[in-house]
Amino acid sequence: MDYLKTLAVFVRVAEKGSFAAVAEEFGVSGTMVGKHVQALERRLGGRLVARTTRRQSLTDLGLEFYERARSILAEVESADGLAEEMRSQPRGTLCVSAPTALGAELLVDAIADYQRAYPEVEVELSVTDRVVDLVDEGFHVAVRTGEGVDQGLVERRLRPYRVAACASPAYLAERPAIREPEDLLQHSRLSFAHWGEHPVWRFRRSDETRAVPVAGAFRSDNVVALRRAALAGLGVAVLAEALIEEELAAGTLQRVLSEWHLKARPTVLVWPPHMRASAKLRSFVEFIGERLGEGGGTGLEA
């Protein structure tokens, strides 16, 4: 038998003093009400109800247990209410993972606006270019870029982000001119470790595409380090425009091959399926989806 239902039946027997009345209330037979009470008595090892031909009354054990049972049912109801409230009202801590280029430059501003809209949600943002395991590492949601999302996760697509090839003016002044993608073969191409073993940059112009293998003296798993390497004159880097916006404006980095375009990186929000019922997750996905989705967002493009 369902123990909570058995408790509920007993509490109503204690309050109504009639098996028949409780049977009608629960839509069961009087015999079934009796079985619930008997199950409790066997569990406790004593009589709860003193039965007469006309009425049932509680024994001393029954009176004591009634108070405890009523308290238990009230706590369960309160807990159910809290769970329902949490499902409907965003609150609590939301753990978010994001790559450096988006997390540090774009997502923080969006999170600030989100928290103004949902002040009862605390956000813990982990900025890393490593692909985290959401379940094992305790994250509720992550921003991911690139192709291939874990099939076990739910996703919502955001707008892809633009990237640009760039280098420092000092580096470019000392090296051969870069007029065509193939000219990059005479240059150090700074590589992002998570691109795989044999990465290439694919430049497009109209219907023409040219691929350049990425090879150079510097490789990192962090895009901020790649930006610093480009600023230090270590070579040409392909970086998110959102990450180098200020450097391009100040002239400390310069675009190369500006007539050619690099494919924008696909971007998605991902989360484990079991998190769907969380109000804080639903509100975050909806808010960020509007902010960095079809509605726009600096450094993103369709």
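Just so you know, residue 1 is the first one in the sequence shown, and it goes up from there. Remember, predicted model here, so these are calculated numbers, not experimental data.
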Quiz item: Okay, side chain of S188, backbone of L234: is any donor-acceptor separation there less than 3.5 Å?
Solution: yes

Quiz item: Between E247 and R228, is there a salt bridge with N-O shorter than 4.0 Å?
Solution: no

Practice problem: With rounding to the nearest 0.5 Å, note down the distance linking CG in L63 to CZ in F65. | Solution: 12.5 Å

Self-check item: Pairwise distance CZ(R156) to CG(L158) - rounded to 0.5 angstrom
Solution: 7.5 Å

Exercise. Give the intermediate values and the outcome of side chain to side chain contact (heavy atoms under 4.5 Å, CB included) for residues E241 and R255.
Key: CA-CA 10 Å; E241 289 187 356; R255 292 176 184 267; 3.1 Å; yes

Quiz item: Are E208 and R204 ion-paired here, with the side-chain N under 4.0 Å from a carboxylate O?
Solution: no

Quiz prompt | Atom pair OG1 (T267) and CG (L292), whose distance is rounded to the nearest 0.5 Å | solution = 9.0 Å

Exercise. Please report the closest heavy-atom contact between F10 and G62, naming both atoms and the distance.
Key: CZ-O, 3.7 Å

Quiz item: What distance separates L269 CG from I288 CD1, expressed to the nearest 0.5 Å?
Solution: 7.0 Å

Quiz item: Taking the side chain as C-beta and beyond, is there a heavy-atom pair between L7 and V76 under 4.5 Å?
Solution: no

Quiz item: Is it true that atom CG of D60 has more than 12 heavy atoms of other residues, nucleotides or ligands lying nearer than 6.0 Å?
Solution: no

Self-check item: side chain to side chain contact (heavy atoms under 4.5 Å, CB included) between L94 and E124, worked out
Solution: CA-CA 6 Å; L94 188 70; E124 290 184 6; over 6 Å; no

Quiz item: Quick one: are L125 and V108 in side-chain contact, heavy atoms under 4.5 Å?
Solution: yes

Quiz prompt | Taking every non-hydrogen atom, the tightest pair across S18 and A21 | solution = OG-N, 3.1 Å

Self-check item: Flag if over 12 foreign heavy atoms under 6.0 Å of CZ, R130
Solution: yes

Quiz item: Counting N and O atoms only, with roles assigned by atom type, does the side chain of T6 sit under 3.5 Å from a partner on the main chain of D2, one being a donor and the other an acceptor?
Solution: yes

Quiz prompt | Rounded distance [0.5 Å steps], SG in C95 versus CZ in F139 | solution = 7.0 Å

Practice problem: Run the numbers on L239 and V163 for side chain to side chain contact (heavy atoms under 4.5 Å, CB included), then give the verdict. | Solution: CA-CA 5 Å; L239 297 167; V163 295; over 6 Å; no

Quiz item: Is the shortest side-chain N to carboxylate O distance from K280 to E120 below 4.0 Å?
Solution: no

Quiz item: Do the side chains of E180 and R205 get nearer than 4.5 Å, heavy atoms only?
Solution: yes

Quiz prompt | NZ/NE/NH1/NH2 to OD/OE distance under 4.0 Å, R291 and D113 | solution = yes

Exercise. Would you name the heavy atoms of G251 and P169 that are closest together and state the gap between them?
Key: O-CG, 3.2 Å

Quiz item: Are F284 and H140 an aromatic pair by the rule of ring centers under 6.0 Å?
Solution: no

Exercise. Return the minimal non-hydrogen interatomic distance between A230 and A237, and the atom names on each side.
Key: CB-CB, 4.1 Å

Practice problem: Dump the intermediate steps for side chain to side chain contact (heavy atoms under 4.5 Å, CB included) on V154 and V285, then the final yes or no. | Solution: CA-CA 11 Å; V154 185; V285 168; over 6 Å; no

Quiz item: Are L61 and V13 in one and the same hydrophobic cluster, where Ile, Leu, Val, Met, Phe, Trp and Tyr link if side-chain heavy atoms are under 4.5 Å apart?
Solution: yes

Quiz item: Does a side-chain heavy-atom distance below 4.5 Å link L184 with F203?
Solution: yes

Quiz item: So does E155 pair up with R157, basic N to acidic O under 4.0 Å?
Solution: yes

Quiz item: In terms of hydrophobic clusters joined by side-chain contacts under 4.5 Å, are V11 and V28 together?
Solution: yes

Quiz item: Side chains of R227 and C166: closer than 4.5 Å at any heavy-atom pair?
Solution: no

Quiz item: Would you say I111 and D109 make side-chain contact, with heavy atoms under 4.5 Å?
Solution: no

Quiz prompt | V200-L185 co-clustered via ILVMFWY side chain contacts under 4.5 Å | solution = no

Quiz item: Considering residues at least two apart in sequence or located in another chain, which fulfil the ring-ring contact (aromatic ring centres under 6.0 Å, His included) criterion with Y118?
Solution: Y114

Practice problem: Establish whether L172 and L262 are linked, either directly or via other cluster members, by ILVMFWY side-chain heavy-atom contacts under 4.5 Å. | Solution: yes

Quiz item: Is a donor on one side and an acceptor on the other found under 3.5 Å between the side chain of R202 and the backbone of T209?
Solution: no

Quiz item: Is there side-chain contact between I178 and V236, with heavy atoms separated by less than 4.5 Å?
Solution: yes

Self-check item: Contacts of E24 that satisfy side-chain hydrogen bond (donor to acceptor under 3.5 Å, both in side chains) - sequence neighbours left out
Solution: none

Quiz item: Is it the case that more than 12 heavy atoms not belonging to E259 sit under 6.0 Å from its CD atom?
Solution: no

Quiz item: Of all heavy-atom pairs between F19 and G34, which one has the smallest distance, and what is that distance?
Solution: CE2-CA, 3.5 Å

Quiz item: Do you know the tightest heavy-atom contact between L134 and P272?
Solution: CD2-CD, 3.7 Å

Exercise. Consider only side-chain heavy atoms of I, L, V, M, F, W and Y, link residues closer than 4.5 Å, and tell whether F218 and L253 are in one cluster.
Key: yes

Quiz item: With distance as the sole test, does H187 use its side chain to make a donor-acceptor pair with the main-chain N or O of A177 at under 3.5 Å?
Solution: no

Quiz item: Are the side chain of R47 and the backbone of V49 linked by a donor-acceptor contact shorter than 3.5 Å?
Solution: yes

Quiz item: In Å and rounded to the nearest 0.5 Å, what is the OG to CG distance from S57 to L48?
Solution: 11.5 Å

Practice problem: Answer yes or no: is there a side-chain heavy-atom contact under 4.5 Å between Y3 and L40? | Solution: yes

